[in-house]
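All remarks here apply to the structure that follows.
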Amino acid sequence: MRNTKPETRRRGTPDFQLLILTLLLVGFGVIMVFSSSSSVALLNKEYNFDSLYFVKRQSAFAVLGLFIMLVAMNIKMEKYKKLFVPLFFISIFLLIIVLFTGSLNGAKSWIRFGSVGFQPTELAKISIILYLSALIVKKGDRFRDLRTGYIPVTVIVGSVAGLIMLQPDFGSTFILVATSGLIIYAGGASVKHITASIALLVLGASIVFGIGSLFGGDSGTVDGQAAAKQDYKIGRFQAYLNPEKYRQGTGYNLVQSLQAIGEGGLTGSGFGKGIIKLHYLPNSFNDFIFSVIGEEFGFIGTAIFLMLYLYFIWRGMIIALRCHDPFGTLVGTGIMGLIAIQAFINIGGVTQTIPITGVTLPFISFGGSSLLVTMFSMGIMLSISRENTKQAVQERTTGVAVRNEVPNRFQTRRTNRFR
């Protein structure tokens, strides 16, 4: 009789489409960081007049991120069910520590180790995904109960979001809350509870914003700095509604961004030939790197890039939905939802679809913390895909379909459409 044990016990193969798409996005990001930062670095003493200053750092982070992704890809999902606890508490500890560090651009978001900085918020995003997924699966049917299931989960999310707001970082707070909401919904929470939470969140934000507007206007008071921050947030919203009116102030970046995208036309100015990055638009290699893509590659190039990005997200969601383990399904949904939400906020901000919040474009923008954590996340996604192929091999070998109970919103009948 043929021995099938070695075949059924071996690890599955990773999803090569997702792996290749990830490498393509990272590679394109390094190229665009070079294009958007070389002129700035070449003329700036702070960067040693080195046109390759930013691209060398981004390349180093990309290589380190690749190593982290390969390691994460080879960790079984069972280990992640145990890893979420220390990772979550490390994130909380770092979010508290960062509040006592020096501020950069009015926000306390960085912990610095010499010339290298790290944003704990990036680690908090993936840790909350793992934590919520494990907690929801552990609670099972009790998760739908308001007192014992739903409220404890939302308190955890609110606590982490509150620490990020204290920095303050509104963009990352919104991304974390939206991603958490997606996981909670996918985990089977009552729509009634979710709707009530959204209503309370909007009401609370409106009250805080209104109080800040009423009592934060006197910059000569003790709270003058806080008032200035509040005025700046209001200014961003005003610039979103009418950027031309505020083009000499808070609307300047948005006007320059829209002008760059418009100058790109159908085919673009060509790689490296963009004008907007030449000291007209601050952070062209970071928050506004999509504007550089629009100017240099035009409508056609930008459309191809967006289709590649959408296919990458779609592929990741397919992997998540195919997972037989509810923990893997929720984690995969959270990771791909996080990337999609952050990409939408970045691109939406620089195209005047939504107000600018100052978040990076995953894989593309310059930033070590974001790239490392995102590639770690993709390692988890590839680990999920390996579990899927391993399960498929077992079913073909034994002739027995193995199915675990999945969350309410991901019934087997629905996921079978993608098999």
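This structure is a prediction, so every number in the text was calculated from the model and none was measured.
- Taking all atoms of both residues into account, the shortest heavy-atom contact from M381 to I319 is O-CG2, 4.0 Å.
- Atom OG1 of residue T13 and atom CG of residue L19 lie 11.0 Å apart, to the nearest 0.5 angstrom.
- Residues I335 and S377 approach most closely at CD1-O, 3.6 Å, considering heavy atoms.
- Here the CG atom belonging to L163 is positioned 11.0 Å from the CG atom belonging to L94, to the nearest 0.5 angstrom.
- Of the candidates F366, F61, F34, F366 is the only one forming a ring pair (Phe, Tyr, Trp, His ring centres under 6.0 Å) with F54.
- Annotation: the span from D15 atom CG to I318 atom CD1 amounts to 10.0 Å, rounded to 0.5 Å.
- In summary, the side chains of T121 and Q167 do present a donor paired with an acceptor at a separation below 3.5 Å, with no hydrogens or angles considered.
- When only modelled atom types and interatomic distance are considered, S127 and S91 share a side-chain donor-acceptor pair under 3.5 Å.
- Between D325 and K81 there is a salt bridge, since at least one side-chain N of the basic residue sits less than 4.0 Å from a carboxylate O of the acidic one.
- For the 3.5 Å distance criterion, the side chains of E296 and S35 qualify, holding a donor opposite an acceptor.
- Residue L338 is tested with I175, I126, I128 for a side chain to side chain contact (heavy atoms under 4.5 Å, CB included); the sole match is I175.
- The aromatic rings of F89 and Y131 sit perpendicular, their planes meeting at an angle over 60°, well past the 30° parallel limit.
- Within the model, atoms CD of Q58 and CG of L371 stand 5.0 Å from one another, a figure rounded to the nearest 0.5 Å.
- Rounding to the nearest 0.5 angstrom, the gap separating the CE atom in M32 from the CG atom in L25 is 13.0 Å.
- Rounded to the nearest 0.5 Å, atoms CG (N388) and CG (L382) are 11.0 Å apart.
- Here F327 and Y80 keep their ring centres 6.0 angstrom or further from each other.
- With respect to F305, the ring pair (Phe, Tyr, Trp, His ring centres under 6.0 Å) criterion is satisfied by exactly one of F297, Y311, F28: F28.
- No hydrogens or angles considered: nothing links the side chains of S38 and S51 as a donor-acceptor pair under 3.5 Å.
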